[in-house]
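Just so it is clear, the values below take in all heavy atoms, side chains as well, and ignore hydrogens, waters and symmetry mates. Quick caveat, the model's predicted, so the values are computed rather than measured.
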Amino acid sequence: MQNVLEEVEIPLISVLALVERNGALVSGEMLTRQSVELGERLEELRTSVWSMAGQEFNLDSTKQLQEVLYEKQGLPILKKTPGGKPSTAEAVLVDLARDYDLPGAILEYRGLSKLKSTYTDKLPLQINSESGRVHTSYHQAVTATGRLSSSNPNLQNIPIKTDQGRRIRQAFIAGKGKKIVAADYSQIELRIMAHLSKDEQLLRAFDEGIDVHRATASEVFGTTPEGVSEADRRSAKAINFGLIYGMQAFGLARQLGVSRAVAQNYIDLYFERYPGVANYMNDSRLVAKEKGYVETVYGRRLYLPEISAKHAQRRQAAERTAINAPMQGTAADVIKIAMSNVQAWLTKSKVDAKMVMQVHDELVFEVADPDVEQLSIEVKKLMESAVNLDVLLEVEVGVGNNWDEAH
DNA sequence: AGGTTAAGCGCG
DNA sequence: AAAGCGCGCTTAACCT
């Protein structure tokens, strides 16, 4: 088994070097403009928070914020940090925002501040003056699961979830006469869960090419697929993601804002409908305990010494890792194989295209206009056929003038 | 002054 | 927050 990984990891070294050298073209001007706008907005928010709080303080200071919220304003302490201090984390402030004005304003400030300090301020400074591009470093031997990591700058956490965040992504552009092509594996970890668990119901869902969250919702909540409400689909999506991470009723309840009993009921129903998945979860824990490690489809191992720990919290954490690592790790193996195959094709085909980024389940290319169609077709084919599992892999390809448009 | 940790949050 | 997995970066707080 080990040699399977060597066949992937060793050629990948040169692919990664090439991707790093290619670099991503980023418009420093666009980002700098956004920094100015964000600065003005943050200034307004700061003043408004100060007036709500009845005092001036440093919004970036956790300590001062704790004093203002919990001592001066007397808001209830819902959770504490591991260090025993009252927490001001996002999830806590979202809770508090239902009953008070201040937490919401703090959250807006925090969100925008993060975008400015990490992205719009910093990325322009990291543009290489010769290439006009940002050249990240990809690390092949950092993560526990076999994923790559990216640093200086990290291009695997560029914003996308908010409108302001997407504006940052819009600064990742294609050169003159070129396009950005982004190719994403669709639901790859869930598909791998279907492969590993051999659950008939889940395999069939992917075979039929249907919306898997909708299918889960219809199974768990006992409706027809067409009759699934938006809320039920959202719950099913949370269940599906939660399963990949080894989440239990407590966490699902928190995620969905329902009681623990209701969450437990959802999980019970799920395992009833997808018995193969239930077995797989149990087997993962057992295998980890017996062998001391778990492995991906291609034999990448993760040793879990704490799987037999007396300390329940640590043991349970190891159990969650035992469940998650084979899925996350197999997905990582798959995209690495795809990257090697895609680069081999790029090199011999002479299309005017470069692989410029990898973001866990996504590959990003910069492609000359005339070659966009050919590259899109070929990359989709190579990614979907990188490996042969019991479940189909599906890749979605998007094209645009910038990274945001390509999604 | 400079390094490390804690808290928080961006992404898959 | 985490009884939800994997990362890296920023600021403040803490320490030598």
[X] with [Y]: basic N within carboxylate O range, under 4.0 Å:
X         : Y         : value
Lys179(A) : Glu405(A) : no
Arg233(A) : Asp211(A) : yes
Glu90(A)  : Lys114(A) : no
Lys380(A) : Glu384(A) : yes
Arg166(A) : Asp163(A) : yes

Over 12 non-hydrogen atoms of neighbours within 6.0 angstrom of [atom1] in [X]:
X         : atom1 : answer
Glu200(A) : CD    : no
Lys289(A) : NZ    : yes
Asn58(A)  : CG    : yes
Glu44(A)  : CD    : yes
Lys198(A) : NZ    : yes

Given atom [atom1] of [X] and atom [atom2] of [N], what is their separation to the nearest angstrom?
X         : N       : atom1 : atom2 : value
Leu65(A)  : dA12(C) : CG    : C1'   : 12 Å
Glu306(A) : dA3(C)  : CD    : C1'   : 16 Å
Asn152(A) : dT10(C) : CG    : C1'   : 13 Å
Lys63(A)  : dA13(C) : NZ    : P     : 7 Å
Ile323(A) : dA3(C)  : CD1   : P     : 15 Å
Arg314(A) : dA3(C)  : CZ    : P     : 13 Å
Lys122(A) : dG8(C)  : NZ    : P     : 17 Å
Asn324(A) : dA3(C)  : CG    : P     : 15 Å

Kindly write out the residues that satisfy ring-ring contact (aromatic ring centres under 6.0 Å, His included) with Tyr303(A), not counting sequence neighbours, or none if the list is empty. Tyr293(A)

Of residues 31-60 of chain A, the positions that come close to DNA chain C - non-hydrogen atoms, cut-off under 4.0 Å: Asn58(A), Asp60(A)

Using a heavy-atom distance cut-off of less than 4.0 Å, which residues of residues 134-146 of chain A contact DNA chain C? Val142(A), Thr143(A), Ala144(A), Thr145(A)

Go along nucleotides 3-12 of chain B 5' to 3' and tag each nucleotide: B for a protein heavy atom under 4.0 Å from its base, S when only backbone or sugar atoms are that close, - otherwise. ----SBBBSB

Wobble G-U and Watson-Crick pairs count when both distances are under 3.5 Å; given that, what is the 5' to 3' dot-bracket string of DNA chain C, with | for pairing to other strands? ....||||||||||||

With a 4.5 Å limit on heavy-atom distance, are the side chains of Phe206(A) and Leu392(A) in contact? no

Can you find a heavy atom in the side chain of Val399(A) that is under 4.5 Å from one in the side chain of Ser376(A)? yes

DNA chain C: Ser151(A) or Ala317(A), which has the more 5' nearest nucleotide? Ala317(A)

On DNA chain C, nearest-nucleotide positions of Arg260(A) versus Gln126(A): which is more 5'? Arg260(A)

Set of residues satisfying salt bridge (Lys or Arg N to Asp or Glu O under 4.0 Å) with respect to Arg46(A), sequence neighbours excluded: Glu43(A)

Between dT5(B) and dA3(C), how many Å separate the two C1' atoms, rounded to a whole number? 25 Å

Can you find a side chain N or O atom of Thr321(A) that sits less than 4.0 Å from OP1 or OP2 on dG6(C)? yes

So, is Ser61(A) close to the dA13(C) phosphate, meaning a side-chain N or O under 4.0 Å from OP1 or OP2? yes

Nearest-nucleotide pick for Arg254(A), side chain only, options being dG8(C), dA13(C), dA2(C): dA2(C)

